[in-house]
Amino acid sequence: MSIKVYIPRDSAALSMGADQVAMQIAVEAARRGASVEIVRNGSRGMHWLEPMIEVATEHGRVAYGPVAPENVAELFDCNFLYGCQHHLLLGITDELPWLKNQERLTFARVGITDPVSLEDYIAHDGYRGLSRALSMAPADIVQEVTESGLRGRGGAAFPTGIKWNTVLGCEAEQKYIVCNADEGDSGTFSDRMIMEGDPFVLIEGMTIAGLAVGATKGYIYLRSEYPDALLTLNEAIDCACKNGYLGDNILDSGRSFDLEVRRAAGAYVCGEETSLLESLEGKRGLVRFKPPLPAIEGLFGKPTVVNNVISLASVPIILDKGATFYKDYGMGRSRGTLPIQLAGNIKHGGLVEKAFGITLRELLYDFGGGSASGRPIRAVQVGGPLGAYLPESQFDTPLDYEKFSELWAVLGHGGIVVFDDTVDMAKMARYAFEFCAVESCGKCTPCRIGSTRGMEVMDKIITGNQPTRHIELVRDLSDTLLNGSLCALGGMTPYPVLSALNHFPEDFGVDASKTAA
Amino acid sequence: MEATNFSSIQTHIDQYRATPGGLLPLLHAIQDDIGYIPEESYSPIGKALNLSVAEVHGVVSFYHHFRSQPPGRHVLQICRAESCQAMGSAELEACAKSRLQIDYHETSADQAVTLEPVYCLGNCSLSPSVMLNEKIHGRVSPEKLNSLIQAARDSK
């Protein structure tokens with residue numbers, strides 16, 4: 001019987017040469033007459049070990065990594081297919097502390113299954129949520145999601161069930177489910193890992209959403225920077241269609257749901273839901289005024305659910321195991337789990353799914369192992385380019401939407417970008433304005449003009465030109481952006497700017513005691 | 001515009017003219033096919049989709065991904081976002097610019113490489129990252145970047 005060898009097809013693994021390793025293993029196996037079945041799985045999320053390969057054994061899957069193509073022959077030499085003491089041996093994958101200490105609900109299958117095998121998906125509890133949903137009344141599905149306490153994982157943390165209920169309550173001949181897969185925040189890749197590692201869970205979640213609110217058409221708005229995710233999603237959608245899980249008359253239920261992937265085109269602002277809808281309609285991604293809410297007048301003027309990938313991918317397990325099961329994880333009003341992404345200057349970067357309540361310090365040091373450079377961690381930015389910078393004194397904050405908001409910070413999409421003590425926070429503040437200027441849709445003045453003016457003032461501060469006076473200008477400008485912008489791009493650019501200034505005034509050339517907000 | 005380009009553009013237009021919100025898929029199809037969106041195509045696209053030339057131009061120019069000029073044989077995107085900055089992407093930018101003797105949004109004199117900034121490739125646990133054509137590379141050192149650039153220049 002052939003031995004299964006798992007080599008990820010996730011683009012993090014590909015970026016470290018997983019394809020070359022897979023090719024080398026195939027060549028070497030053929031040369032030696034070894035019977036090997038290569039499975040291209042998703043990534044387990046231990047990205048510093050990529051490409052991490054696994055061999056199926058009677059004791060469970062055994063991991064080796066990071067494997068370079070030149071290691072392959074020696075792995076065969078020491079008989080790695082039957083377990084060997086090679087220096088790249090990591091042990092039984094499920095026993096590795098990084099994985100063992102997680103609570104993987106949304107990511108339950110990622111890295112374990114073949115992402116495009118429907119058979120594998122079903123064998124690992126896939127489509128159980130849909131099958132239950134098909135026996136439920138729409139309002140009961142919505143109720144289940146509401147009770148689970150699931151909040152929008154894209155960053156805004158709006159209760160998913162309440163959004164669905166609004167759409168359910170609208171009378172319309174056509175409604176839509178739109179998946180926001182325009183994961184543009186720096187430091188985030190959980191959407192990508194789901195789409196590349198377990199696309200069926202997203203398809204199932206969107207199908208359930210369709211049943212719940214009465215929508216028969218779904219779009220996944222996928223960022224153009226994710227070509228591998230595009231291929232995987234389309235392969236999975238084709239497979240779901242062919243097997244009766246999408247299209248007309250899903251599983252002979254008489255219900256229909258069609259799904260299409262639309263490629264974005266590199267505009268960060270299109271991650272904002274109304275801008276995204278404009279883009280899906282084929283227009284410039286200009287932000288819309290609200291109201292009307294997209295739930296009432298969304299895509300092509302019809303009631304539309306717009307949810308992030310992780311929100312939708314968390315729905316199947318909620319329907320399968322019930323609202324209470326999901327709600328039992330977490331703290332306060334942050335229920336369930338959050339896929340957290342450790343990025344930037346971190347020794348052990350990757351994906352950690354944990355119940356809300358874990359602290360930054362546990363993530364940075366227990367999971368992350370400190371900085372990659374070995375220098376002290378000076379600041380972390382949580383929640384993407386519009387998230388605040390947090391200093392060491394705030395590392396004991398638990399991950400919880402409300403706790404972060406008390407610190408004037410955000411959890412956002414769960415990305416944590418780590419900086420060591422070589423970072424210049426004034427430059428990071430300048431970059432926040434620059435990013436806003438590059439990505440502004442231009443509809444509202446504070447964002448369009450304010451971002452450029454902010455960059456200019458920061459340039460003066462950085463060159464030591466009257467910093468105290470110019471910091472006052474930055475604060476004044478930030479106030480205008482915060483209160484006068486149409487969407488979060490302009491409205492939240494002050495988060496990284498002012499948090500950098502408040503926590504690290506010495507980088508702005510001023511005395512800490514003289515620049516209190 | 002070459003006649004072959006024109007006929008392929010017309011094929012794409014015919015494919016997407018009835019698609020709801022079909023302008024972005026259409027522009028992607030054209031750029032995937034010939035590498036950019038020629039200005040001469042704005043008018044036939046507008047006619048088919050009932051849009052003005054200004055509206056088509058507006059969409060092409062709004063999105064960073066779309067180009068109105070042909071790129072070099074390879075497109076090199078360097079991530080400028082925070083995570084990659086924390087791992088030394090500024091050095092990679094300087095290295096690529098000096099090696100290719102160009103700035104962002106320009107093409108090297110030998111027409112081999114077009115250099116573009118990108119704001120996050122979603123590979124932030126393996127920063128710094130670059131994308132060469134559609135292939136992503138993680139933990140990129142200046143030496144690795146130089147060899148990628150050299151390979152691109154040497155290949156057709």
Side-chain angles (χ1 to χ4, degrees), chain A residues 11-12 14-16 45 47-48 50 183-189 191-192 223-229 262-268 270 279-286 299-300 341-346 349-351 372-373 381 384-385 415 417-420 423 428 431 435 438-439 441 496, chain B residues 16 19-29 31-32 37 45 49 51 55-67 77 79-90 104 116-140:
Chain A
S11 47
L14 299 183
S15 81
M16 300 306 287
H47 290 163
W48 74 99
E50 295 290 3
E183 182 175 56
D185 287 353
S186 168
T188 67
F189 43 81
D191 293 355
R192 180 184 61 66
R223 62 197 307 251
S224 55
E225 293 84 349
Y226 286 177
D228 299 320
R262 284 282 176 94
R263 279 160 79 193
Y268 177 77
C270 289
S279 183
L280 268 181
E281 291 181 7
K283 302 175 198 157
R284 293 162 72 88
L286 296 187
L299 185 62
F300 303 116
Q341 302 120 88
L342 293 179
N345 197 330
I346 186 95
L351 187 117
S373 59
Q381 187 180 31
V417 177
V418 179
F419 296 83
D420 71 12
V423 67
M428 298 319 293
Y431 172 79
F435 180 72
V438 171
E439 298 295 343
C441 84
Chain B
Y16 287 103
T19 305
L23 182 55
L24 261 73
L26 169 58
L27 295 176
H28 273 297
Q31 184 159 307
D32 287 348
I37 322 275
I45 290 172
L49 272 59
L51 299 168
E55 283 170 308
V56 178
H57 173 78
V59 170
V60 174
S61 61
F62 181 85
Y63 294 97
H64 301 306
H65 179 80
F66 296 130
R67 285 183 213 101
Q77 293 178 300
C79 179
R80 291 200 65 215
E82 290 89 341
S83 177
C84 288
Q85 289 183 45
M87 291 299 281
S89 60
Y104 279 130
E116 286 176 357
V118 64
Y119 295 88
C120 198
L121 294 165
N123 198 37
C124 322
S125 48
L126 294 166
S127 288
S129 297
V130 306
M131 196 181 250
L132 183 58
N133 303 321
E134 296 264 279
K135 198 170 164 3
I136 187 166
H137 300 266
R139 290 266 191 266
V140 179

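Letters A, B, ... are given to chains in the order of the sequence lines, protein chains preceding strands, and every chain is numbered from 1. Just the heavy atoms: all of them, side chains too, but no hydrogens, waters or symmetry mates, feed the values below.
A distance of 6.0 Å separates NZ of B:Lys135 from CG of A:Leu14, quoted to the nearest 0.5 Å. Rounding to the nearest 0.5 angstrom, the gap separating the CG atom in B:Leu24 from the NZ atom in A:Lys283 is 12.0 Å.
Note: A:Gly282 leads A:Gly282, A:Ser224, A:Gly384 in heavy-atom pairs under 4.5 Å with chain B. Per-residue heavy-atom pair counts under 4.5 Å with chain B were compared for A:Glu50, A:Gln341, A:Met16, and the maximum is reached by A:Met16. The most heavy-atom pairs under 4.5 Å with chain A, out of B:Ser83, B:Ala81, B:Ser61, come from B:Ser83. Interface remark: of the candidates B:Ser127, B:Pro128, B:Pro25, B:Pro25 forms the most heavy-atom pairs closer than 4.5 Å to chain A. The greatest number of non-hydrogen atom pairs below 4.5 Å with chain B, out of A:Gly285, A:Ala264, A:Gly415, A:Gly187, is found for A:Gly285. Counting heavy-atom pairs closer than 4.5 Å to chain B, the top-ranked of the candidates A:Ala267, A:Pro385, A:Cys270 is A:Pro385.
Side-chain rings of B:Tyr119 and A:Tyr268 stay apart, their centers remaining 6.0 Å or farther from each other.
Proximity of A:Trp48 to B:Ser125: side-chain heavy atoms (C-beta onward) are nowhere separated by under 4.5 Å. In this structure the side chain of B:Phe62 reaches within 4.5 angstrom of the side chain of A:Leu286, judged on heavy atoms. Side-chain contact between B:Gln85 and A:Met428: present, with at least one pair of heavy atoms (C-beta onward) separated by less than 4.5 Å. For the pair B:Glu82/A:Pro496, no side-chain contact is recorded, criterion being any heavy-atom separation below 4.5 Å from C-beta on.
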Determine, stepwise, if the pair B:Gln77 / A:Glu225 fulfils side-chain contact (heavy atoms from CB on, under 4.5 Å).
CA-CA 10 Å; B:Gln77 293 178 300; A:Glu225 293 84 349; 5.5 Å; no
Determine, stepwise, if the pair A:Arg263 / B:Asp32 fulfils salt bridge (charged side-chain N to carboxylate O under 4.0 Å, His left out).
CA-CA 12 Å; A:Arg263 279 160 79 193; B:Asp32 287 348; 2.7 Å; yes
Begin from the C-alpha positions of B:His64 and A:Glu439 and carry the test side chain to side chain donor-acceptor pair (under 3.5 Å) through to its verdict.
CA-CA 9 Å; B:His64 301 306; A:Glu439 298 295 343; 3.2 Å; yes
Worked check of side chain to side chain donor-acceptor pair (under 3.5 Å) between B:Tyr63 and A:Ser279:
CA-CA 10 Å; B:Tyr63 294 97; A:Ser279 183; 2.9 Å; yes
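Residue B:Ser129 does not touch chain A at all, counting heavy-atom pairs closer than 4.5 Å. For A:Gln381, the part sitting under 4.5 Å from any heavy atom of chain B is the side chain, from C-beta outward, and nothing else. Both the backbone and the side chain of B:Ile136 have a heavy atom closer than 4.5 Å to some heavy atom of chain A. Proximity to chain B (any heavy atom under 4.5 Å) is shown, for A:Cys441, by both the backbone and the side chain. Heavy-atom distances place both the backbone and the side chain of B:Pro20 under 4.5 Å from chain A. When heavy atoms are compared at a cutoff of 4.5 Å, A:Val418 approaches chain B solely by way of its backbone atoms N, CA, C and O. Residue A:Ser373: no heavy atom, backbone or side chain, is found under 4.5 Å from chain B. Neither the backbone nor the side chain of A:Ala229 comes within contact range of chain B, judged by heavy atoms closer than 4.5 Å. Looking at A:Arg262, the atoms closer than 4.5 Å to chain B (heavy atoms on both sides) all sit in the side chain, from C-beta outward. Interface residue A:Asp185: only backbone heavy atoms are found under 4.5 Å from chain B. B:Val118 touches chain A through its side chain: at least one heavy atom from C-beta onward sits under 4.5 Å away, while N, CA, C and O do not.
When all heavy atoms of A:Ala372 and B:Met87 are compared, the closest pair comes out as CB-CE, 3.9 Å. Here the shortest heavy-atom pairing between B:Gly122 and A:Tyr226 reads CA-OH, 3.6 Å. Residue B:Val59 comes nearest to A:Arg284 through the heavy atom pair CG2-N, 3.7 Å, listed as atom of the first residue, atom of the second, then distance.
Of the residues listed (A:Pro227, A:Ser15, A:Ser11), the one engaging B:Met131 in a side-chain contact (heavy atoms from CB on, under 4.5 Å) is A:Pro227, and it is the only one.
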